[in-house]
J.: 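Structure in structure tokens, see below.
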There are 2 protein chains.
Amino acid sequence: MNEKCLKYDICPMILVQKIISGKWKILILWYLSYNTLRFNEIKKRLPYATQKMLTQQLRSLEKDKLIFRRVYPVVPPKVDYGLTEIGKRIIPILEMMHGFGAEYLEQGYGASVFQDFVTDEE
Amino acid sequence: MNEKCLKYDICPMILVQKIISGKWKILILWYLSYNTLRFNEIKKRLPYATQKMLTQQLRSLEKDKLIFRRVYPVVPPKVDYGLTEIGKRIIPILEMMHGFGAEYLEQGYGASVFQDFVTDEE
DNA sequence: TGCTATAGTACCCAAATAGATACTTGAAGC
DNA sequence: GCTTCAAGTATCTATTTGGGTACTATAGCA
């Protein structure tokens, strides 16, 4: 890389894009905004993410300081994850995203995005 | 794929993630939130995006109805891009992202994210 | 006659991301 | 002594994404 921002102004955007883009990151943050969760609890909520992907995304979020990882020295292993202080500052953004997504779906734009991704009514 | 949302509740999040993840999409939307811009004007603002990538991202945003593409039948070609009505609804999210990113940088968390991505003071 | 300008395509290769499957650890229960 | 549990790693392959270079159209200008 070795790129420079031409305007300081855009850097925060590039930053945010870097830390939240990733197939499962937004959803992981969204779930953790309610509770800290154990690894398998997150996994249950994301049945289409493989274990490897989940671990990878969690490590990346941890590296970026949005979540913490707490290991209990027991057998079998117990690990839980939660939002850090700076991580919690992202919750309002997630809520707005959710609101936007809902509006977008209500207005019927969703079809092209979810071609083979069926939504259950419930 | 052929996956189903187990909870309707999370679908809007998956949706948002799908439509805004992409190397340049957030920045393109951010620039277009001020003005409609011609292709080369966007290109100038994103000097590290290749023409191919830019075209690709613009097509994708257009497909998802967040931006419109207007072609003027002149030679040499003139095309401009702008936010649609639903696209404009995403501006407050971009603004919050920008605020979050700025705060994150101010608090010194940026180092790990921008290793080889130097920020100019200006 | 040939050059410039704008907004692209086409094609091929490299790199990053994602997925599938098997393996690990060590205590507890059968 | 074999299996189960939780939270992973390791390895290999497939798919998606990104990058580089060359090519296109057509009017106006020199």
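Being a predicted model, the structure only gives us computed values, none of them experimental.
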J.: Less than 4.0 angstrom between a side-chain N/O of A:Arg69 and OP1 or OP2 of D:dA7, yes or no?
T.: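 For D:dA7, neither OP1 nor OP2 has a side-chain N or O of A:Arg69 closer than 4.0 Å.
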J.: Remember a base hit wins even if backbone is also touched, and classify A:Val75 as base, sugar-phosphate or nothing at under 4.0 Å, heavy atoms.
T.: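 Base contact - A:Val75 has a heavy atom under 4.0 Å of at least one base atom.
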J.: Taking for each residue the nucleotide of DNA chain D bearing the nearest heavy atom, is the 5' side occupied by B:Gln56 or by B:Gln51?
T.: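 Looking at the nearest nucleotide for each, B:Gln56 comes out on the 5' side.
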J.: Over how many whole Å does the gap from B:Lys43 atom NZ to C:dA7 atom P extend?
T.: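 Computing the B:Lys43:NZ to C:dA7:P distance gives 10 Å.
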J.: Without decimals, in angstroms, what is the distance between B:Lys18 NZ and D:dT17 P?
T.: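 Taking atom P of D:dT17 as the reference, NZ of B:Lys18 is at 10 Å.
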J.: Measuring to OP1 and OP2 of C:dA7, would you say a side-chain N or O of B:Tyr81 lies under 4.0 angstrom away?
T.: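 No, B:Tyr81 has no side-chain N/O under 4.0 Å of OP1/OP2 on C:dA7.
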J.: Could you state the interatomic distance from CD1 (B:Ile19) to CE (A:Met97), rounded to the nearest 0.5 Å?
T.: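 Reported to 0.5 Å precision, the distance equals 10.0 Å.
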J.: Using only atom types and a distance under 3.5 Å, with no angle test, would you say the side chain of A:Ser60 pairs donor to acceptor with the backbone of A:Gln56?
T.: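 Checked: no pair found.
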J.: Any ion pair linking A:Glu85 and A:Lys88 (charged N to carboxylate O, less than 4.0 Å)?
T.: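 A salt bridge links A:Lys88 with A:Glu85.
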J.: For the pair B:Leu27 and B:Gln57, evaluate side chain to side chain contact (heavy atoms under 4.5 Å, CB included) and give the outcome as yes or no after the intermediate values.
T.: CA-CA 11 Å; B:Leu27 287 172; B:Gln57 304 275 297; over 6 Å; no
J.: Figure out the CG/P separation between A:Leu37 and D:dA7, and round it to whole Å.
T.: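 A:Leu37 atom CG is separated from D:dA7 atom P by 11 Å.
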J.: Using whole Å, report how far CE of A:Met53 lies from P of D:dT9.
T.: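 Answer to the nearest Å: 14 Å.
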J.: With DNA chain C as reference, determine whether A:Pro76 or A:Gly22 sits nearer its 5' end, using the nearest nucleotide of each.
T.: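 In this pair, the answer is A:Gly22.
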J.: OP1, OP2 of D:dA7 versus side-chain N and O of A:Arg38: anything below 4.0 Å?
T.: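 Indeed, a polar side-chain atom of A:Arg38 lies that close.
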J.: Just how far, in rounded Å, is C1' of C:dA7 from CG of B:Asn40?
T.: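 To the nearest whole Å, that distance equals 7 Å.
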J.: Would you indicate which nucleotide in C:dA7, C:dG19, D:dA7 comes nearest to any side-chain atom of A:Thr50?
T.: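 Minimum distance to the A:Thr50 side chain belongs to C:dG19.
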J.: From C-beta outward on B:Val79, which listed nucleotide comes closest to its side chain: C:dT6, C:dG8, C:dG19?
T.: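 So the side chain of B:Val79 is nearest to C:dG8.
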J.: With the side chain of B:Lys23 defined as its heavy atoms from C-beta on, choose the nearest nucleotide among D:dG8, D:dG18, C:dT6.
T.: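 Closest nucleotide to the B:Lys23 side chain: D:dG18.
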J.: Is there a donor-acceptor pair under 3.5 Å between the side chain of A:Ser33 and the backbone N or O of A:Ile91?
T.: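 Judged by distance alone, no pair lies under 3.5 Å.
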J.: Please determine, for the side chain of B:Phe39, which listed nucleotide (D:dG19, C:dG8, D:dG8) has the closest atom?
T.: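 Closest nucleotide to the B:Phe39 side chain: C:dG8.
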J.: How long is the straight-line distance from CD1 of B:Ile67 back to NZ of B:Lys25, given to the nearest 0.5 Å?
T.: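 Reported value, rounded in 0.5 Å steps: 9.5 Å.
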J.: I need the CD-C1' distance between A:Gln57 and C:dA18, as an integer number of Å.
T.: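 In whole Å, C:dA18 C1' lies 10 Å from A:Gln57 CD.
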J.: In terms of side-chain heavy atoms of A:Lys52, which of C:dT9, D:dA7, C:dA20 is nearest?
T.: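 Output: C:dA20.
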J.: Using heavy atoms to find the nearest nucleotide of DNA chain C for B:Pro77 and A:Pro77 separately, return the residue whose nucleotide is more 5′.
T.: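 Between the two, 5'-proximity favours B:Pro77.
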J.: Rounded to the nearest Å, what distance is computed from the CG atom of residue A:Leu46 to the C1' atom of nucleotide C:dA18?
T.: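 A:Leu46 atom CG is separated from C:dA18 atom C1' by 15 Å.
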J.: Without decimals, in angstroms, what is the distance between B:Lys44 NZ and C:dA5 P?
T.: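 So the NZ-P distance, B:Lys44 to C:dA5, works out to 12 Å.
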J.: Name the closest nucleotide to the A:Arg59 side chain, picking from C:dG8, D:dA6, D:dT9.
T.: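 Among the listed nucleotides, the one closest to the side chain of A:Arg59 is D:dT9.
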